[in-house]
2 protein chains.
Amino acid sequence: MKLTIARLAQAAEVGVETVRFYQRSGLLAEPEKPATGYREYSHADVQRIRFIKRAQTLGFNLDNIADLLELDGPQICDVTHELALKKLHLVEEKIAALQSIRDALQGMVLQCESKHERGVCPIIQSLATDEAKGSRKKAASSAAL
Amino acid sequence: MKLTIARLAQAAEVGVETVRFYQRSGLLAEPEKPATGYREYSHADVQRIRFIKRAQTLGFNLDNIADLLELDGPQICDVTHELALKKLHLVEEKIAALQSIRDALQGMVLQCESKHERGVCPIIQSLATDEAKGSRKKAASSAAL
DNA sequence: CTTGACTCCGTACCTATGTACGGAGCATAC
DNA sequence: GTATGCTCCGTACATAGGTACGGAGTCAAG
């Protein structure tokens, strides 16, 4: 079944502009433009976009995904395995960083809820002074929430 | 002690351009330009930039931080408490999402390491097909690693 | 054969947080 | 009094992943 770009986009649950963006980024081939009429897309293109979207939900960026899509041959698994492992480590680091942020925030929230000096906010105090006690010193840089 | 912008930046461990950026963003006031000579900064400006940087490591963005810096009066704690609590929830959501990504990646890596059909990569297979079994369906959208 | 919807294409814009550049003014050291 | 380095200011660029716009071509229905 041949599709126009709008129907491809709909089937893949993305916008038309996103399809074009993937084409510009080299993730998706642009079909030949016929002498008359519109470019035609296939179900394989739908699958390819879905692949991209699924890989994105696992934290792969479009560069990674381009690599994954390029893979061919009997050694594929070596490459994907390494890529997935690398990503896994990144995710674990990120989780650790966020956990240390969470601990710091929890501490602040609790302090705020317990009795404290009138007119002095412990959260502001803790941001205004350079203690670095507890969790804040270790991992929590580059949060990017 | 009065500082030039470069010495302010150095004391606060940021770049000069970052100081200017914070000024443009309204996080830091620009001192009056004297009739002759350069603008003068104080230690309070150093503290303010450090405040910003510390708040950033906790996941607050510059808009949040602008709010925090604006606060004044006896009800401060209500606002900071709410902001911190909201941020805490966001961080917890983010952690959960990343954990589900981690689980999915771990599963893939393990599959890749165990025996599997020759010439077929389980990672690619799992991205190419729409099972959504296990972890992938729940939280893992909007990864932003 | 006109109308409305869709495609095609290039380009500009968006978020957030900076970074970099370039020319002119100013200050301090020699 | 000049060389060097700093300040000041506006502007452009960078990232990642899209999103939007505008004008021209094309297609299908009535």
Side-chain angles (χ1 to χ4, degrees), chain A residues 2-41 45 48-69 87 90 94 141-145, chain B residues 2-41 45 49 51-69 87 90 94 141-145:
Chain A
K2 296 302 176 185
L3 307 168
T4 64
I5 194 171
R7 274 148 66 65
L8 165 63
Q10 190 180 16
E13 295 173 282
V14 298
V16 168
E17 300 301 324
T18 301
V19 175
R20 287 198 211 291
F21 173 72
Y22 288 164
Q23 291 175 334
R24 284 200 302 280
S25 309
L27 292 166
L28 196 64
E30 208 176 349
E32 292 300 308
K33 183 168 185 176
T36 177
Y38 301 144
R39 294 178 202 275
E40 291 186 339
Y41 297 85
D45 295 310
R48 197 168 171 98
I49 294 173
R50 289 189 176 283
F51 182 104
I52 294 167
K53 285 300 179 189
R54 279 193 291 269
Q56 275 186 313
T57 67
L58 291 178
F60 294 105
N61 64 26
L62 296 185
D63 274 0
N64 296 152
I65 297 170
D67 291 346
L68 286 173
L69 286 167
K87 186 59 69 181
L90 281 177
K94 189 83 190 171
S141 47
S142 81
L145 302 191
Chain B
K2 296 301 175 185
L3 307 168
T4 64
I5 194 170
R7 274 148 65 67
L8 165 64
Q10 191 179 16
E13 296 175 281
V14 299
V16 168
E17 299 303 323
T18 301
V19 175
R20 287 198 210 292
F21 174 70
Y22 289 163
Q23 291 174 335
R24 285 201 300 280
S25 309
L27 292 166
L28 195 64
E30 208 175 350
E32 291 301 307
K33 184 172 186 175
T36 175
Y38 301 144
R39 295 178 203 275
E40 291 186 340
Y41 298 86
D45 295 312
I49 294 173
F51 182 104
I52 294 168
K53 285 299 179 189
R54 280 192 291 270
Q56 275 187 312
T57 67
L58 290 179
F60 294 105
N61 65 25
L62 296 185
D63 275 359
N64 297 151
I65 296 170
D67 292 344
L68 287 174
L69 287 167
K87 186 59 69 181
L90 282 178
K94 189 82 190 173
S141 48
S142 82
L145 303 191

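Nothing here was measured: the structure is a model prediction, and the numbers come from that model. Sequence lines set the chain letters: A, B, ... in the order given, protein chains first and strands last, and positions in each chain run from 1.
The side chain of A:Y38 has D:dC27 as its nearest neighbour among D:dC27, D:dG17, C:dC26. Checking C:dC8, C:dT19, C:dC9 against the side-chain heavy atoms of B:R24 singles out C:dT19 as nearest. Residue A:N61 has its side chain nearest to D:dG17 when only C:dG18, C:dC6, D:dG17 are considered. Nearest nucleotide to the side chain of A:E17, out of C:dT17, D:dT19, C:dT7: D:dT19. The A:L62 side chain lies nearest to D:dG18 when the options are D:dG18, C:dC9, D:dC9. When the nucleotides D:dT7, D:dC9, C:dG18 are ranked by their closest atom to the side chain of B:T4, D:dT7 comes out on top.
The phosphate of D:dG17 (OP1 or OP2) has no side-chain N or O of A:T18 nearer than 4.0 angstrom. One finds no side-chain N or O of B:Y22 lying less than 4.0 angstrom from the OP1 or OP2 phosphate oxygen of C:dT17. A:K53 has no side-chain polar atom (N or O) that falls below the 4.0 Å cut-off from OP1 or OP2 of D:dG17.
Here the shortest heavy-atom pairing between A:K87 and A:L58 reads CG-O, 4.0 Å.
In terms of position on DNA chain C, the residue among B:F21 and A:R39 whose nearest nucleotide sits closer to the 5' end is A:R39. Between A:G15 and A:G37, the residue whose closest nucleotide on DNA chain D is further toward the 5' end is A:G15.
Base engagement by B:R20 is indicated by at least one non-hydrogen atom pair under 4.0 Å involving a base atom. Heavy atoms of A:D63 sit nowhere under 4.0 angstrom from any nucleic acid atom. Using a 4.0 Å heavy-atom distance criterion, A:Q23 is classed as making no nucleic acid contact. No contact: A:S25 has no heavy atom under 4.0 Å from any strand.
D:dC27 atom C1' lies 13 Å from atom CD of A:E40, rounded to whole Å. For A:I49 and D:dG17, the CD1 to C1' distance is 15 Å, given to the nearest whole Å. For B:N64 and C:dT15, the CG to C1' distance is 15 Å, given to the nearest whole Å. Rounded to an integer number of Å, the gap from CG of B:L28 to P of D:dC8 is 13 Å. Put simply, CD on B:E30 is 13 Å from P on D:dT7, counting in whole angstrom units. Going from atom CD of A:E32 over to atom C1' of C:dC8 covers 15 Å, rounded to whole Å. Distance, B:R7 CZ to D:dG5 P: 18 Å, rounded to whole Å. When rounded to the nearest whole Å, the span between CD1 of A:I52 and C1' of D:dG18 equals 13 Å.
Formation of a donor-acceptor pair under 3.5 Å by the B:S25 side chain with backbone atoms of B:F21 is found in this model. Put simply, the side chain of A:R50 gets close to the backbone of A:A11: a donor and an acceptor are under 3.5 Å apart. Here the side chain of A:K33 pairs no donor or acceptor atom with the backbone of A:Y38 at under 3.5 angstrom. The backbone N or O of A:L27 sits less than 3.5 Å from a side-chain atom of A:R48, completing a donor-acceptor pair.
The pair A:R39-A:E30 meets the salt-bridge criterion, with a side-chain N (NZ, NE, NH1 or NH2) lying under 4.0 Å from an Asp/Glu carboxylate O.
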